Structure formats: structure tokens, C-alpha cells
Amino acid sequence: MMINNLSFILFLLFIGYSTNTESQINQRKIEYLKAFAKVYGYVKYFHPSDEASTIDWNAFSIYGAEQVKKCKSDDELLTELNALFLPIAPSIRFTQDPVSSKYDLLTITPKNLEGYQPTFWQHFGVSVGMQSDFYPSNPYKSVRVNGSIKHGHAHETNKPIISIGTTKSIGQPIFNYTPNFGELIEKPITSSIYCQIPLVLYSGERGTFPIVDSSKLSHLKRQLEGGTKEPSNESPSVSWDRDQNIYNYPNQESFRLGNVINVYNVFQHFFPYMEVVDVDWDQELGKALSKSLTDKTGKDHLFTLQKFMSRLQDGHINVNFRGNTSSYFPGITWEWIEGKLVITDVQDSKIPVEKGNVVTHIDGITVKDYFKEVNSRISAGTTGYLNHRAQYASLGGEKGSEMVITVNDKKIPLVRNSYTFSTARPTPFFKKINDSVVYLNINKISMDSINSLLPELEKAKSIICDLRYYPNKNHEFLSHLLKENDTTTSWMQIPKIVYPDQEHLIGYGNLSWNLTAKKPYLGDKKIIFITQGSAISYAESYMGYVQGYDLATIIGQPTAGTNGNINPFEVSGGYQISWTGMKVVKHNGSQLFGIGFIPDIIVHKTIKGIKEERDEFLEKAIEIANY
């Protein structure tokens with residue numbers, strides 16, 4: 001008996017030791033991947049060597065993750081980091097003793113400086129790796145000042161910056177600031193390893209100094225073109241994920257890790273609201289890397305990226321798969337009203353539910369648990385916008401897929417077969433409520449139509465403006481509400497960045513609409529604006545003037561709390577990501593992000609109102625207009 005007990009105890013000890021060892025290995029792997037992630041961002045965005053500007057950074061993130069995750073000690077990590085980065089950043093230094101490791105500037109100083117100029121990165125927002133070609137009106141730019149601009153592949157970092165002529169074109173400054181030669185990025189990347197990376201290099205006719213070992217650079221590029229190149233969709237090594245219409249690529253683990261590393265750095269260095277978001281971004285990186293080690297499918301990876309970025313609370317953040325941005329819906333809409341999930345519309349008469357019915361379970365789980373998972377994948381700054389996005393996300397899915405809802409203790413199967421989905425009730429572009437009150441649907445009416453209606457608007461005593469969604473390019477209407485010309489100049493702010501980790505911000509480039517007051521002046525009437533959580537971005541620019549110049553009484557619900565031009569990019573595998581690239585504040589300079597515009601009068605929908613098919617927001621607006 002004693003022998004059996006001893007054997008059992010030894011077995012338990014063995015299991016405990018094995019589990020602990022596996023945990024330690026994963027912890028070390030994550031620590032090393034985080035170290036690579038940090039250096040990846042520093043070199044990609046801030047080290048001005050020619051070699052770094054021609055690397056396929058998407059492929060490099062995957063290849064680097066594959067090499068680093070194999071390391072079993074700090075010494076191995078140091079060796080691997082040097083192997084990865086010296087071919088593209090020959091002036092980089094890694095050390096385990098930062099105190100005694102003074103950087104030798106002579107190693108990056110040409111013997112004769114004649115013909116050389118200092119080169120360094122300037123970022124106005126950021127365009128490196130972004131899809132600027134598809135959004136030419138975006139104001140974001142990145143440039144290696146005095147660096148040659150080279151032709152290259154689709155991921156070339158400074159391809160979209162300025163007009164490209166020959167390979168000898170020189171990057172011109174975006175703003176007035178020059179870091180000093182000798183300034184370094186000196187950062188810990190693990191608890192015992194530090195990196196030193198020059199921010200400024202000298203550049204001459206032969207390119208940036210020092211000149212890299214061309215054989216090592218060629219070897220690295222061959223590795224990137226071979227080991228991490230995505231196969232075509234027809235390749236037999238690619239599998240199709242039917243659940244999410246996403247292709248699964250080989251070498252999945254490093255592919256996922258590389259994408260997470262790529263995404264982390266965009267926001268680490270350029271997300272303009274990091275200081276106001278309550279998030280430990282390095283900790284979230286670790287979580288996303290850990291999750292990537294266990295994910296199996298393209299859908300898993302999509303959800304990991306969505307959850308990773310949802311912590312930033314940016315309503316512009318969307319993660320989609322290229323070519324599959326649409327979903328299908330089951331012929332109903334619902335909304336959280338009075339703390340319950342309520343059916344708000346039924347488009348298919350065959351579905352045995354009615355407006356105002358309360359849903360208690362979805363696919364066998366409570367609605368609150370179901371939405372908890374859905375909400376975890378949505379980035380939103382306000383509760384109103386979160387609920388708006390969740391309406392779509394909770395119902396959408398692949399064509400023909402099923403879901404089962406429980407209403408009045410009865411299980412009702414639904415099939416997703418409708419391509420259209422809208423929570424907006426049908427409303428006219430313009431309507432005369434009575435002899436003194438008119439209604440304008442700012443979400444739909446064109447500026448030409450508004451101009452043609454100006455005589456009618458002049459006669460009205462009250463104008464109700466419905467802006468619960470998104471304006472139809474009609475913000476010139478605001479000029480007729482302004483008594484004097486717009487004098488606000490800095491409610492849109494693009495960060496000027498030279499240093500990593502958003503340290504030592506150079507300042508902001510300020511933008512505004514600069515509206516001019518126009519006749520006929522309509523601001524002497526009773527103006528009422530209706531808004532809610534689905535009003536985002538352009539709608540909030542609109543509301544900025546309404547509130548900032550006190551142009552109207554605002555009723556409804558707080559807006560989305562997200563404004564500013566998006567700055568989309570794509571990571572490997574066709575995952576497309578949008579986000580807000582600039583800082584936008586209210587006209588008085590106070591914070592808009594995550595707060596939105598708070599109405600003067602809050603209105604709540606009711607279940608009774610849904611059953612009676614009433615527009616309680618508009619009813620309140622008419623009541624105020626007639627008062």
C-alpha cells in the first residue's frame with residue numbers, strides 16, 4: 001500500500017512539474033515575443049535606414065515571430081534579435097548592461113560629412129503601412145526627411161507619402177522639427193535586455209550610413225519572400241473556414257502572432273487617445289499573443305484581433321476580412337429597452353413574434369450572456385454606440401445559418417437570409433408638422449434639397465433636425481444657423497510625432513471646417529436637434545457646431561464619442577482594420593472621445609412605445625417645438 005501511495009505521490013509531482021514547466025515555457029515565449037514586438041515598432045517607424053524602408057513589414061512580423069518563439073534563453077534571444085535586425089538596422093545595439101554600454105556615435109558617423117545630411121522620421125499622424133492609396137484625401141503623412149524615396153512592393157513603408165519620381169527623390173519635412181544627431185531610442189525590451197537605436201542617421205549618395213552587409217540583407221529578404229509569403233487562395237495548403245468565410249493559411253501560429261505584433265505597434269505609437277483610455281496596452285499585447293498560441297481557425301484569429309482592439313474604445317475600430325464585410329440577418333431587429341432585449345421590427349411575417357416582444361434566450365443561453373460575448377468584440381466609446389453596433393453583430397452571420405430565440409418561453413428558429421438590415425424607421429426627407437413646425441431629416445436630405453426648401457424654412461417658427469445617424473453631405477446647412485463666421489480653429493488635431501511610444505510629442509496640426517455665416521439666417525427660430533448613440537464621426541462634427549455655438553436644443557441620447565478621419569490598414573491574410581488617426585475635441589477644448597455630446601433633454605424609448613409604433617424622440621421634439 002505504501003508503495004502504491006509513493007507511486008501516486010511521485011506521479012502527482014511529475015504532473016505538477018510538467019505543467020509548471022509548460023507554463024514557464026509559454027511565459028518565456030510571450031516575454032520574448034513582446035521584446036521582438038517592441039523592437040519591431042521602433043525600427044519600422046523610427047529608425048531611418050534605407051534598408052528598413054524597403055522591408056515587407058507584414059512578412060517580417062511573421063518571420064520574426066517564428067524565429068523568436070524558438071528561443072530558450074536570453075542569450076539565444078540576443079543572437080536572434082541581432083540576426084533579425086542588423087541586416088535592416090546595422091546601427092542597432094542590444095545589451096544586458098545599460099549603465100556601462102555607452103553608444104559609440106563614431107560607428108554611425110562618416111569620416112567625411114561632405115555630401116551627407118541627417119535623415120530621420122517625421123509622422124503627421126502616420127501613413128507608414130496604411131492604405132493611403134485608397135483614401136487619398138486623408139491628411140496623414142509619414143516621411144524620412146532627407147531620405148531617398150524608393151519604389152518597392154505593396155508594403156513599402158513610404159510609398160504613399162509624397163509624389164514619387166526617381167529613386168533619388170528626397171523626403172521633404174512635414175513640420176518644423178529636427179532631432180539631434182546622437183539621440184537614441186534607449187529602452188528595456190525585457191527585464192534584462194535593452195536596445196539602443198539611433199533616431200538620426202547621415203544619408204548621402206550611397207544611402208544611409210553605416211552601409212549594411214548586402215549578403216545578410218539579401219538573405220533576409222529571401223527568407224521573407226519564401227518562408228512567410230501567403231499562398232494564393234487556390235493553393236491546396238489553404239483551407240476555408242466556412243463559419244467566417246476566412247482562409248486559413250499554413251504556419252498559422254506565427255502568422256497570427258505577427259499580425260498581433262503589427263497591430264500592437266500601430267496603436268502603441270500613433271493612437272491619439274491612448275492617454276485617456278484606461279488600458280494597459282502592453283498587458284493586452286501579452287493576452288493577445290497568448291490567445292494566438294491556442295487559436296486554431298481564421299475565425300478564432302478574427303475574434304482575437306477584435307477583442308484585442310476593443311479595449312481601446314474607439315468606435316471607428318472595425319476588423320473585417322477582405323471581401324467579406326457583409327453579413328446576413330434573420331428578418332428581425334431588436335434593441336435593449338428598459339433593461340430588456342426587445343423586438344423592434346419584424347420584416348418577415350412568417351416569424352411568430354411581434355414588436356415589443358421580449359427575448360430571454362438566444363441559442364440556449366441568456367441574452368445577457370450572449371451579448372457579453374458579442375460586446376467583447378466591439379470597440380465603442382459610449383454605451384449607446386456599443387448597443388447600436390451590437391444590434392448588428394448579435395444578429396449577423398453567414399447566409400443560411402440558424403439561430404434560436406426564446407420569446408414567451410417558446411423557442412423560435414430563425415434563418416439568416418436577408419442581406420439588408422436597418423434600425424432606422426422610414427421617415428421623410430422633409431415634412432411640415434403643422435403651420436409653424438417643419439421636420440428635416442439630416443440623415444437623408446441633400447444640400448441641394450435644403451437649398452430649395454430655404455423659403456419654407458424661413459416661414460417656419462421651429463425646425464426639427466433629425467441627426468440620429470449620419471449626415472448626407474449637408475453640413476453647409478449649419479452656415480444658415482450661424483450668426484457670425486466660424487472662428488474655431490483647432491477642434492481637429494493631428495499629432496506630430498518624431499519619438500516612439502508617443503513621448504515628447506512635437507505638437508498638433510490643427511484643422512477646422514471654417515464655416516461662414518450665410519443668408520437666410522435661420523438661427524432666430526426654435527431649432528431642435530434629435531440625436532442618439534448611433535450618431536458618430538461626421539455626425540459629431542455636425543453636433544460640435546450645434547453645441548459649441550449653442551445653435552439648438554439637443555434631445556435624445558449621447559452620441560458615439562468617436563470622431564476624426566479613419567486611417568485604415570491591412571495585415572497579413574486580408575484582415576482589414578480601421579481606426580481613428582486624429583484627436584478631435586469639442587469646440588470648447590473639452591474631451592469628446594468616449595463621452596460624446598450629451599443632449600440638453602434625455603429621452604428614453606419604452607416598450608409601450610415600441611408596441612404602439614411611436615417615435616418617442618420625434619414626439620418629444622414636436623412637444624418642445626410647439627411649447
Side-chain angles (χ1 to χ4, degrees), residues 313 315 335-339 342 344 380-391 423-425 427 431 433 437-445 460-472 474-475 477-478 481-482 488 491 522-523 525-564 584-610 614-627:
Q313 303 167 34
E335 191 174 338
W336 287 98
I337 300 173
E338 298 179 14
V342 180
T344 53
T382 61
T383 301
Y385 190 65
L386 175 65
N387 289 340
H388 171 69
R389 285 274 302 273
Q391 287 176 268
T423 57
R425 61 177 66 237
T427 49
K431 182 179 180 180
I433 304 296
V437 180
V438 297
Y439 167 88
L440 278 182
N441 190 338
I442 302 297
N443 311 288
K444 295 181 179 180
I445 194 167
K461 293 181 180 178
S462 298
I463 303 173
I464 297 172
C465 303
D466 192 338
L467 186 46
R468 283 178 266 188
Y469 294 96
Y470 205 78
N472 183 21
N474 51 27
H475 63 271
F477 171 65
L478 292 167
L481 302 181
L482 289 171
T488 57
W491 54 275
L522 304 175
K525 307 177 185 303
K526 185 179 286 186
I527 310 295
I528 301 155
F529 266 77
I530 308 173
T531 195
Q532 62 183 17
S534 51
I536 188 172
S537 198
Y538 180 22
E540 293 187 290
S541 294
Y542 221 112
M543 293 306 300
Y545 279 89
V546 173
Q547 188 183 78
Y549 281 99
D550 196 19
L551 302 179
T553 298
I554 304 171
I555 74 163
Q557 291 284 316
T559 59
T562 300
N563 196 9
V584 179
V585 296
K586 297 181 181 181
H587 283 225
N588 64 3
S590 64
Q591 182 178 328
L592 167 65
F593 182 84
I595 297 173
F597 291 97
I598 312 300
D600 302 305
I601 300 171
I602 298 291
V603 181
H604 298 281
K605 291 183 181 180
T606 65
I607 297 176
K608 183 175 183 291
I610 294 296
R614 292 162 45 211
D615 186 341
E616 293 165 288
F617 283 49
L618 182 55
E619 287 176 358
K620 187 65 176 178
I622 293 172
E623 176 190 328
I624 296 169
N626 286 324
Y627 183 73

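The chain is numbered in sequence order, starting from 1. Note that these values count all heavy atoms, side chains included, but never hydrogens, waters or copies made by symmetry. Note that the structure is a prediction, hence the values are computed from the model and not measured.
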Which heavy atom in [X] sits nearest to a heavy atom in [Y], and how many Å separate them?
| X | Y | result |
| --- | --- | --- |
| Thr562 | Glu540 | O-OE1, 2.6 Å |
| Met543 | Thr531 | CE-CG2, 4.3 Å |
| Ile555 | Phe617 | CD1-O, 3.3 Å |
| Lys586 | Phe597 | CG-CE2, 3.7 Å |
| Asn563 | Ser537 | OD1-O, 3.0 Å |
| Ile610 | Val342 | CG2-CG1, 4.4 Å |

Under the 3.5 angstrom rule, does the side chain of [X] hit a backbone N or O of [Y] as a donor-acceptor pair?
| X | Y | result |
| --- | --- | --- |
| Lys525 | Ala460 | yes |
| Glu619 | Arg614 | no |
| Glu616 | Thr606 | yes |
| Lys526 | Ile624 | yes |
| Tyr542 | Asn474 | yes |
| Asn472 | Asn443 | no |

Atom pair [atom1]/[atom2] of [X] and [Y] - distance to nearest 0.5 Å:
| X | Y | atom1 | atom2 | value |
| --- | --- | --- | --- | --- |
| Asn441 | Lys431 | CG | NZ | 12.0 Å |
| Ile601 | Ile554 | CD1 | CD1 | 10.5 Å |
| Gln391 | Ser534 | CD | OG | 8.0 Å |
| Thr488 | Asn588 | OG1 | CG | 11.0 Å |
| Lys608 | Ile337 | NZ | CD1 | 13.5 Å |
| Thr553 | Ile528 | OG1 | CD1 | 6.0 Å |

Is there a donor-acceptor contact under 3.5 Å linking the side chains of Glu335 and Thr344?
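No - no donor-acceptor pair under 3.5 Å links their side chains.
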
Indicate whether the side chain of Ser462 and that of Asn626 have a donor and an acceptor atom separated by less than 3.5 Å.
no

Is the shortest heavy-atom distance from the side chain of [X] to the side chain of [Y] under 4.5 Å?
| X | Y | answer |
| --- | --- | --- |
| Leu618 | Ile464 | yes |
| Trp491 | Leu592 | no |
| Tyr469 | Lys444 | no |
| Tyr545 | Leu481 | no |
| Pro558 | Ile595 | no |
| Leu551 | Phe529 | no |
| Ile602 | Gln557 | yes |
| Leu522 | Phe477 | yes |

Would Asp615 and Arg468 pass as an ion pair if we require N to O under 4.0 Å?
yes

